Structure formats: C-alpha cells, structure tokens
Amino acid sequence: MAMVLFCSPTSTSRATRMGRFLPTRLAYALVLLLLLIGCATSDFDHLSCSDEEDNDGLTDTPGAPVCSSQDRKALLQFKNAISSDPNHVLLDWHTSNSNCCNWTGVTCDGGTGRVVRLKLYNQNLKGRLSPGISGLSSLQVLILDDNDFFGTIPSSLGTLESLRRLCLSNLPSLKGPIPESFGHLKNLELLDLSSDALSGPLPSSFGGMSNLQVLYLYGNNISGTIPASFGLLSQLYKTGLSNNQIEGRVPDSFAFGLTSLVFLDLSNNKITGLPKDLRSLSSLQLLQMSNNPLMSGDSVEGIATAPRISEIHLSSCMIKGPFPAWVSRLPQPDPRYISEEVTSSLDLSSNAISGEIPPALGNLTNLQNLSLENNKLRGSIPTSFVQLQSLQRFNVSYNNLSGKIPQASPFTTFDKSSYTPGNRGLCGLPLGPCKS
Ligand SMILES: *[C@@H]1O[C@H](CO)[C@@H](O)[C@H](O)[C@H]1NC(C)=O
Ligand SMILES: *[C@@H]1O[C@H](CO)[C@@H](O)[C@H](O)[C@H]1NC(C)=O
Ligand SMILES: *[C@@H]1O[C@H](CO)[C@@H](O)[C@H](O)[C@H]1NC(C)=O
Ligand SMILES: *[C@@H]1O[C@H](CO)[C@@H](O)[C@H](O)[C@H]1NC(C)=O
Ligand SMILES: *[C@@H]1O[C@H](CO)[C@@H](O)[C@H](O)[C@H]1NC(C)=O
Ligand SMILES: *[C@@H]1O[C@H](CO)[C@@H](O)[C@H](O)[C@H]1NC(C)=O
C-alpha cells in the first residue's frame with residue numbers, strides 16, 4: 001500500500017512540498033529513498049489505523065507553522081464535547097497556547113498551516129463527537145479509535161472532503177447510523193468503523209467514496225441490504241462486513257465494478273445469495289461467507305466464475321441437497337497468488353450436504369485445505385484425490401462415508417480425527433484395515 005500512497009501523483013506533490021523546507025539535494029535524496037522504500041513494499045496493510053509510525057505521508061515540519069483560527073475553533077469545539085480526559089492528553093489544548101499546530105495529536109501542513117491530521121487513539125477519552133470537527137476543512141487523517149465516545153457520528157463529518165483515512169473503531173458506545181453524507185468523501189482511502197455499536201442500513205450513497213481501498217464495518221449492528229452503488233467502488237481492495245445483520249441477496253451491481261477487490265468478508269450476517277456472474281471480480285481471492293442462511297449451494301454458484309478465487313469459506317450456511325455442482329467448475333488456484341494471507345481452501349463444513357463427493361474436486365491440485373466435516377456425505381473418497389498433493393488439512397469427519405481411504409500420502413498421514421467420528425464404513429490407513 002505504501003507503494004500506492006507514495007507513487008500516486010498526489011503523494012508526489014506532497015513530497016515536493018515537503019522538499020521546499022530542505023536543501024534541494026538532500027530533498028531529492030530523501031524523496032528518492034521514500035520512493036524506493038515505498039515502491040518496494042506493496043502491502044495494503046500499511047493503510048491501517050494503528051500504525052505506530054505515521055505512514056501517511058504527512059510529517060511534522062521543523063519550524064512549526066501557526067495554526068489557523070478556524071482550525072483552533074474547531075479543535076476547541078471537539079475538546080468541549082469531551083467530558084472525561086483521564087490521561088490529560090488535551091491539557092495543552094487551550095486558548096493561551098494559541099498555536100494549535102503543536103497541540104497533542106495535531107499535525108499541520110508545513111505550507112498552509114492547516115490541520116491535516118488529528119490522531120488520539122486509545123486515550124480513554126469520553127464524550128460526544130462534536131459536529132464542530134467539520135471546521136477542520138483540510139483534515140486528511142482522523143484517528144480516534146479505542147476511546148469511549150458515545151452518541152452518534154455527526155453527519156457534518158461528510159463535509160471533510162480532503163479526508164483520506166477515517167478511523168473510528170472500537171468505540172463500543174458509538175451508536176446510530178453511518179451518515180448518508182459519507183458519500184461525499186471522494187478522497188477517502190480507508191474507512192474503519194469496526195467494533196462500534198452502529199445500526200441502520202449501509203448508506204445508498206456509498207458508491208460516492210470512489211477512492212475507497214479498505215473498508216472495515218465488522219462487528220456492528222448494520223442491517224438492510226448491500227446498496228446497489230457499492231459496485232462503483234472500483235478501488236476497493238479489502239472489505240470486512242462480518243458480524244452484522246446484513247440481509248438479502250448481494251445485488252448484481254456488486255459484480256460490475258469491484259475489479260480491485262481481493263478480500264471479501266461477509267461472514268455472520270443474514271445474506272442469502274450472490275450474483276450469478278462474478279467475472280468482473282477479477283482480483284477476488286478470498287471469500288469468507290460462513291454463517292449466512294444461504295440454504296442452497298446454487299445461491300452462490302457465481303463463485304465459480306470469479307477468475308482468481310482461491311479461498312472459500314461457506315461453513316454453517318444451512319446448505320442442503322447434493323454437493324454444489326459449481327465446485328467442479330472452480331478455477332485452478334494459481335500458486336503465484338497464494339500468499340501468507342490467502343490459502344487455497346474450500347470450507348463447506350457444518351452444512352447439510354448429502355450425496356457423494358464429486359471426483360472433479362481432485363482436479364484442484366493446489367488445494368491446501370478441504371473442510372467437509374459435519375455434513376451428510378456418503379459414498380467413498382474419490383480416488384482422484386490422490387492428485388491433491390498440497391493438502392495440509394483435510395476433514396470429512398461426521399459424515400457417512402465408506403470404502404477405502406486413498407492409501408497414499410498425505411491421506412494416510414492425516415490425524416484419525418480427519419475421518420472419525422462418523423464414516424463407519426471408512427477403512428485403510430490411518431484407520432483400521434479394510435475387510436478382504
Ligand atoms: C508551540 O509553538 C510555539 C510557536 O508557534 C512555540 O513558541 C512553543 O514553544 C511551542 N510549544 C511546544 C510545546 O512545542
Ligand atoms: C440490532 O438491531 C436489531 C434490529 O435490526 C435489534 O433488534 C437488536 O436489538 C440490535 N442488537 C443490538 C446488540 O443492538
Ligand atoms: C477433472 O478430472 C477428470 C478426471 O478425473 C476429467 O475427466 C475432467 O475433465 C476434469 N474436469 C475439469 C473441469 O477439469
Ligand atoms: C484450514 O481451514 C480451517 C477451517 O477453516 C482453518 O482453521 C485452518 O487454519 C486452515 N488451515 C490452512 C492451512 O489453511
Ligand atoms: C449411511 O450409509 C449407509 C449406506 O452406505 C446407510 O445404510 C445408512 O443408513 C446411512 N446412515 C445414515 C445415518 O445416514
Ligand atoms: C475435524 O473436524 C472435527 C469436527 O469439527 C474436529 O473435532 C476435528 O478435530 C477435526 N480434525 C482435524 C484433523 O482437523
């Protein structure tokens with residue numbers, strides 16, 4: 001991610017602006033070094049809220065600028081809405097110390113003197129989020145995670161159109177809806193509202209956040225369906241919507257424009273199905289959909305059309321009937337895209353799938369993890385499975401399988417608990433010998 005931040009045109013101009021305050025040669029060397037470091041790492045995790053070093057390209061400048069009176073007023077409004085500050089982090093926030101650019105948690109732009117970053121995470125701050133914060137009209141980074149804010153998110157935050165990162169996670173008393181006005185945040189790259197107590201639907205304006213790359217809304221009480229405009233988020237890379245009350249089918253429009261999406265977590269919701277055609281989700285590698293009431297395997301048959309899909313979790317989805325036919329059409333995972341974060345996995349455990357395991361599954365030769373435990377499968381383990389030489393985890397326990405376990409590695413070396421209890425008819429290593 002550092003790559004995207006540092007190598008994008010806007011970041012170059014930021015680096016240049018910074019350069020004005022340094023001797024030219026040193027500045028060039030520094031910019032070059034930043035580019036080298038930045039471009040060598042392409043890890044999106046740099047786009048996070050909690051990075052200790054401020055990896056957002058904004059730096060405190062020596063020879064501190066003097067803050068604007070508009071920003072000072074907005075910050076004092078923010079402070080006035082705080083009822084408890086046991087760590088005294090806002091002690092230096094007062095009118096007699098008029099340069100708000102060196103107040104704790106505040107960073108100003110060296111050129112304009114405007115506040116560009118406000119960062120006060122895990123400070124035990126208790127109070128409301130003042131709508132007056134919208135006075136910080138040049139704000140690019142707002143990080144207030146892990147505090148004790150209550151009340152709702154002020155809708156005026158949606159006017160902060162320069163925002164690139166907005167982090168309001170782990171605020172367990174923050175209630176109410178995500179403001180519809182967030183659709184105006186067209187420069188936002190990271191939105192983290194996870195583990196709050198938000199409710200109401202996802203705003204229909206969501207698609208307006210056209211630069212959004214990382215979206216975490218997991219662990220709230222968000223309800224309703226995924227809005228159609230979601231499919232406009234063409235830069236979206238990582239999305240965590242798990243542990244909410246999101247319901248219904250994911251709209252077809254979802255599949256039109258999410259061409260950058262790699263990680264999608266929809267687990268623990270009330271979602272009933274996916275679009276039939278997911279071909280335009282051309283980057284999707286990991287789909288976590290466990291614990292949704294899908295009822296039938298057909299409701300997610302679109303998965304097989306996602307060209308790079310590699311890790312699929314559909315555990316506890318109330319899937320009934322025969323083994324989903326689309327599983328035989330899954331693309332062969334490309335080992336080049338399998339990383340520490342993505343495995344080649346198929347997890348269909350804890351459903352009510354009946355009938356036999358399709359032999360074509362043995363064609364997914366890079367599969368690392370196959371979880372079929374807790375279903376109603378019968379018949380034998382297909383002999384084609386001897387091709388699954390990359391399997392690290394295999395589980396078919398709590399089914400009604402019979403016949404000979406493929407007598408080859410890795411199947412003979414898996415733990416017995418991969419096969420039993422259940423499957424009384426299975427035999428061969430690591431279980432007992434087959435009769436005659
Ligand atoms: C804050 O900035 C002013 C100059 O604008 C300076 O006089 C003062 O010493 C600074 N305070 C701290 C704590 O750095
Ligand atoms: C979540 O929202 C539902 C209504 O959508 C409500 O019945 C439930 O009490 C809420 N749960 C929490 C923990 O707020
Ligand atoms: C899977 O392998 C079988 C042989 O086991 C072969 O006949 C079939 O064409 C393969 N299917 C696909 C989709 O590659
Ligand atoms: C395999 O899947 C199980 C269940 O989803 C998970 O706990 C385990 O970490 C996975 N292992 C690998 C090697 O991917
Ligand atoms: C298991 O399968 C056998 C036939 O292979 C069948 O007779 C038996 O009823 C099945 N048991 C369950 C619990 O489905
Ligand atoms: C297989 O799944 C069962 C049921 O969840 C579990 O008890 C067992 O430990 C698993 N075995 C392996 C090797 O993963």
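Bear in mind that the values here come from a model prediction, so they are computed numbers and not experimental data. Worth knowing before you read on, the calculation uses all heavy atoms, side chains too, and leaves out hydrogens, waters and symmetry mates. First listed ligand is number 1; within each ligand, the first listed atom is number 1. Note that the numbering runs from 1 along the sequence shown for the chain.
- Listed by first then second residue, pairs satisfying ring-ring contact (aromatic ring centres under 6.0 Å, His included) with a partner in residues 272-304 number zero, not counting sequence neighbours.
- Protein residues are said to neighbour a ligand when one of their heavy atoms lies under 4.0 Å from it; for ligand 6 these are Glu373, Arg393, Asn395, Ser397, Tyr398, Ser417, Ser418.
- The salt bridge (charged side-chain N to carboxylate O under 4.0 Å, His left out) contacts involving residues 252-270 comprise nothing, where partners must be two or more places apart or lie in separate chains.
- Aromatic ring centroids of Phe182 and Phe206 lie 6.0 Å or more apart.
- Using a distance-only test at 3.5 Å, with no hydrogens or angles considered, a donor-acceptor pair links the side chain of Asn147 to the main chain of Asn124.
- Between Gln387 and Asn363, some side-chain heavy-atom pair lies under the 4.5 Å cut-off.
- Scanning for salt bridge (charged side-chain N to carboxylate O under 4.0 Å, His left out) contacts around Lys276 gives Glu301, with sequence neighbours left out.
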